[in-house]
Amino acid sequence: MLIKKPDDIKSSEITPHSIYTKRREFLQGAGLIAGAAVLPNFASAQSGDALKARAPAGIQSSPAPAWLKGKFSSIRPAPDSAPYFTDEALTPYSDVTKYNNFYEFGMEKGDPSANSGQFKTDPWSVEISGEVSKPGVYTLEDILKPHDLEERIYRLRCVEAWSMVIPWIGFPLADLIKRFEPTSKAKYVEFETIVDDATMPGIRSRFAIVRWPYREGLRMDEALNPLSFIAVGLYGEHLPAQNGAPMRLVVPWKYGFKSIKSIVKINFRETQPNTTWVDLQAREYGFYANVNPAVHHPRWRQDMERRLPQTLFDRKVIPTQPFNGYGEQVAELYKGMDLSRYY
Ligand code: MTE
């Protein structure tokens, strides 16, 4: 399986050595990345600046059309309390944008930032299809224009047992869905990422085992939960390509692989969609993928996580919370379900 555990963290801190060794064999010698940079947490509210987090001075914002730049001039700041805010230390901008999983650009954590320079997000369109009364191919401007942008500070917990705290900019997925008027048959929402051989070296790679496009899905009630978010930016700036420009999903109570990037298709359907990781390895990755410290991955534990960035003196290994700490908002969705079966 592609999803890898970085070797910058002593694996014995969370995973027995034997399992870790087997996993390395499984990865067949794929190179793993060097340690995360030790950086001060620069992100804090600045005077006269209502947003809770801003990219560091000097960061070149990703290219964006004028209409989108205009939308970024007024963003509702995150509130002061959960669930759309946490006072945990933010993961620095450089880690959020240089330590990524985006296999279309390569398998190593540094590949998406290094290899996405040619990726084009303008023009962009999103196809809305299936069980809706307003299907069609919409330009990105049509998709985003009616939505006011807001800041939300969420934990992101990857199935690989690392986590970050990220200040996203975007709007609720529910608001987008409602505009297309799903029919009563719409029980699931399916998402697809763009496939662009010309600018995505991971897609051209002979070693890629993903069947492109990358696909993900949610049950309709999950998609309509107020936590489910369409992100178009982070740290007050447009999304960099490596983080899923121009728009991606963020589902904070689920493992990060559900948060599909660079979306070009949203399909409403009656039956549960096939998704990339379930297709690849259904025994290891489920459709639900709710963060759950009680249900371990077959090859490593899930009750602890490494909060990035780690330092030599502070390994930042912390307990993983059920539903990544969002249980109050979402546990009800899974009432009566055996979560060790529906993992
Ligand atoms: N979306 C696409 N299209 N391709 C991917 O490889 N990786 C997923 C998810 N979305 C992935 C994707 C995984 S495994 C994680 S953990 C998150 O993106 C990482 O998001 P980040 O790089 O912005 O932190």
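We count ligands from 1, going down the list as the structure has it; atoms in each ligand are counted the same way. Bear in mind the structure is a predicted one, so any value in this text is a computation, not a measurement. We count residues from 1, following the sequence as given.
Only the side chain of Glu104 comes within contact range of ligand 1, with a heavy atom under 4.0 Å; no backbone atom does. Heavy atoms from both the backbone and the side chain of Asn100 come within less than 4.0 Å of ligand 1. Contacts between Tyr214 and ligand 1 below 4.0 angstrom, taking non-hydrogen atoms only, involve the side chain exclusively. The proximity of Glu160 to ligand 1, defined as any non-hydrogen pair under 4.0 Å, does not occur for either the backbone or the side chain. Here Leu156 has side-chain heavy atoms under 4.0 Å from ligand 1, and that is the only part of it that gets that close.
Ring-centre distance between Tyr99 and Trp162: below the 6.0 Å cut-off. Aromatic rings from Phe180 and Tyr138 are positioned such that their centres are separated by under 6.0 Å. The aromatic ring centroids of Tyr285 and Phe257 lie less than 6.0 Å from each other. In summary, the aromatic rings of Tyr326 and Tyr154 are positioned with their centroids under 6.0 Å apart.
Note: Phe105 and Phe102 have perpendicular aromatic rings, judged against thresholds of 30 and 60 degrees for the angle between ring planes.
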Report, one line per pair, each donor and acceptor closer than 3.5 Å where one atom sits in a side chain of residues 121-129; sequence neighbours left out.
residue	atom	partner	partner atom	Å
Trp124	NE1	Ile263	O	3.0
Ser129	OG	Asn267	OD1	2.8

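Those atoms of ligand 1 that come under 4.0 Å of a heavy atom in Cys158, given as number and element, are 16 (S). Every atom of ligand 1 is numbered from 1 in the order shown, and the set under 4.0 Å from a heavy atom of Thr193 is 3 (N).
Ligand 1 has a nitrogen or oxygen under 3.5 angstrom from a nitrogen or oxygen of Tyr103. Residue contacts with ligand 1: Lys261 is placed with a nitrogen or oxygen under 3.5 Å of a nitrogen or oxygen of the ligand (distance criterion only). Between Asn101 and ligand 1, at least one pair of N/O atoms sits closer than 3.5 Å.
Under a 4.0 angstrom heavy-atom cut-off, Ser259 registers as being in contact with ligand 1.
Compare Arg248, Lys258, Met107 by their heavy atoms: the one nearest to atom 23 (O) of ligand 1 is in Arg248.
Pairs of residues two or more places apart, or lying in two chains, that qualify as side chain to side chain donor-acceptor pair (under 3.5 Å) and include a residue from residues 166-179 are His147-Arg179.
With values rounded to the nearest 0.5 angstrom, Met247 atom CE is found 10.0 Å from Ser262 atom OG.
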